[in-house]
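Numbering of ligands and ligand atoms starts at 1, following listing order. For clarity, every value in this text was computed on a predicted model and none was experimentally measured.
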Amino acid sequence: MTYRYAALLAATVLSSCSTASTQPPPSLKPTVAEEAPRPEPENVTERKRLRLQQYKGRIVQAGLSFWKTEPGAEVFLDGKMVQVDKDGHFALGFGRDRTENAELEVIFTDGSSEKRTLSIGDREFPISRVDGLPPSKVTPYTEEQLSKIAADREIKNAARANPSRTPYWRAGFDWPLRGRISTKMGAQRILNGEPRRPHSGTDIARFPGVSYDEFVGTPVKAPSTGKVTLAEPDLYFEGGTIFIDHGQGLETVFMHLSSVDVKPGQIVAKGEVVGGVGSTGRSTGPHLHWTLNWNGTPMDPELLVPPMIAPQN
Ligand SMILES: [Zn+2]
C-alpha cells in the first residue's frame, strides 16, 4: 500500500464516520453514475432524438404539442395510453390548471423504451374580479327548457360516442374566422368572490368598424380537416353548433352560429366553410366561440394558429 492510497482510505473512513448518522445504508446510496451521468455519445443522442421528437406546439398549460415516434411504438402519458397513428404521430395536451410534471413513456417495437419527464410551463390567464354585485336573482328553468337541455345533452353525448382514430389534424390549424379576440381561452371571472368556470374556448367577435349586419353570416371555416359529428341549428345554450372530430381525441366545437351548412358524417377539409357566425343560443352579441378539446380537456387554440391580423384600413 502506498502512502497516497492509505491517506485516501483514511479520509474516506473519516468522512463516512462523521456523516454516518444522516446517511442511508450504503446499499441505498445513489451510485456514482446516477449522481453524475456521463454525456452520451453523439450518435446515441441522435438516435434517441429520431425515435421520439416533439415537432410542434408547446408543453404549457392549455397547450397542445405534436410528436413523432417510430411506427408501431406505444405511447403512455401518466400511465394512460395515447393514440398513435400508423406513421408514429401523436398529440399531447395539458389542462389549464396543470402544474405537476407529466411522465411520457414510449415502448418501441423492439421492446426497448424511453421515459421523459415533461415539466408543464405556467401561463397567466386573464382574471377579472367584479365585487359588489347585487345577489343574482336566478330564474329557475321551466319544464320545457329543462327537457330541451336534457335532450341537447343526449345529442352531444351521442356525437362523441365513436371518436375517430384518423389523424385528420395533421393538416394543421388555422383561424376559422378573422375578427377581434373578445374573450381568451382560460379567462375567468370572479363574481362577488365566487370563481366561475374558466372560458373553455376562444371568442372571435367583429373588428371595430364592422357592423352587426355585416358580421353576422360571415363564413366560418374548418380550422383543420375532420369529420363532422354534430351539426345542430338550435341547442339551448350553444345555439347553432358544429362538432368536428380531428381524430386522436382532438375536437373543434363551434357555437352561436347563424347557419349550419354541414351534415354529421361529412368530411370537411381545412379551410372549408361549415357555417356562418351568429349570436344564437345564450349569446350576448355576434361572435364565434371555438373550443378545441383534447380528450375532452379544453386547449388554447391561439397557441396553434398564426397571430390574428386586423384588416388594413
Ligand atoms: Zn365563448
*For the pair Ser65 and Trp67, evaluate side chain to side chain donor-acceptor pair (under 3.5 Å) and give the outcome as yes or no after the intermediate values.*
CA-CA 7 Å; Ser65 53; Trp67 299 68; 2.9 Å; yes
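Checking Arg165, Lys68, Arg170 one by one against Asp85, the salt bridge (charged side-chain N to carboxylate O under 4.0 Å, His left out) holds for a single residue, Arg170.
Taking 2.8 Å as the threshold, His256 does not count as a candidate ligand of the Zn ion (ligand 1), since none of its N, O or S atoms lies below it. At least one N, O or S atom of His199 sits under 2.8 Å from the Zn ion (ligand 1).
Classified by interplanar angle (parallel below 30°, tilted 30° to 60°, perpendicular above 60°), the ring pair His89/Trp169 is perpendicular. Aromatic ring orientation, Phe173 versus His246: perpendicular (interplanar angle above 60°, classes split at 30° and 60°).
Taking the Zn ion (ligand 1) as reference, the nearest N/O/S atom within Asp203 carries the name OD1. The closest approach of His289 to the Zn ion (ligand 1), by N/O/S atoms, is made by ND1.
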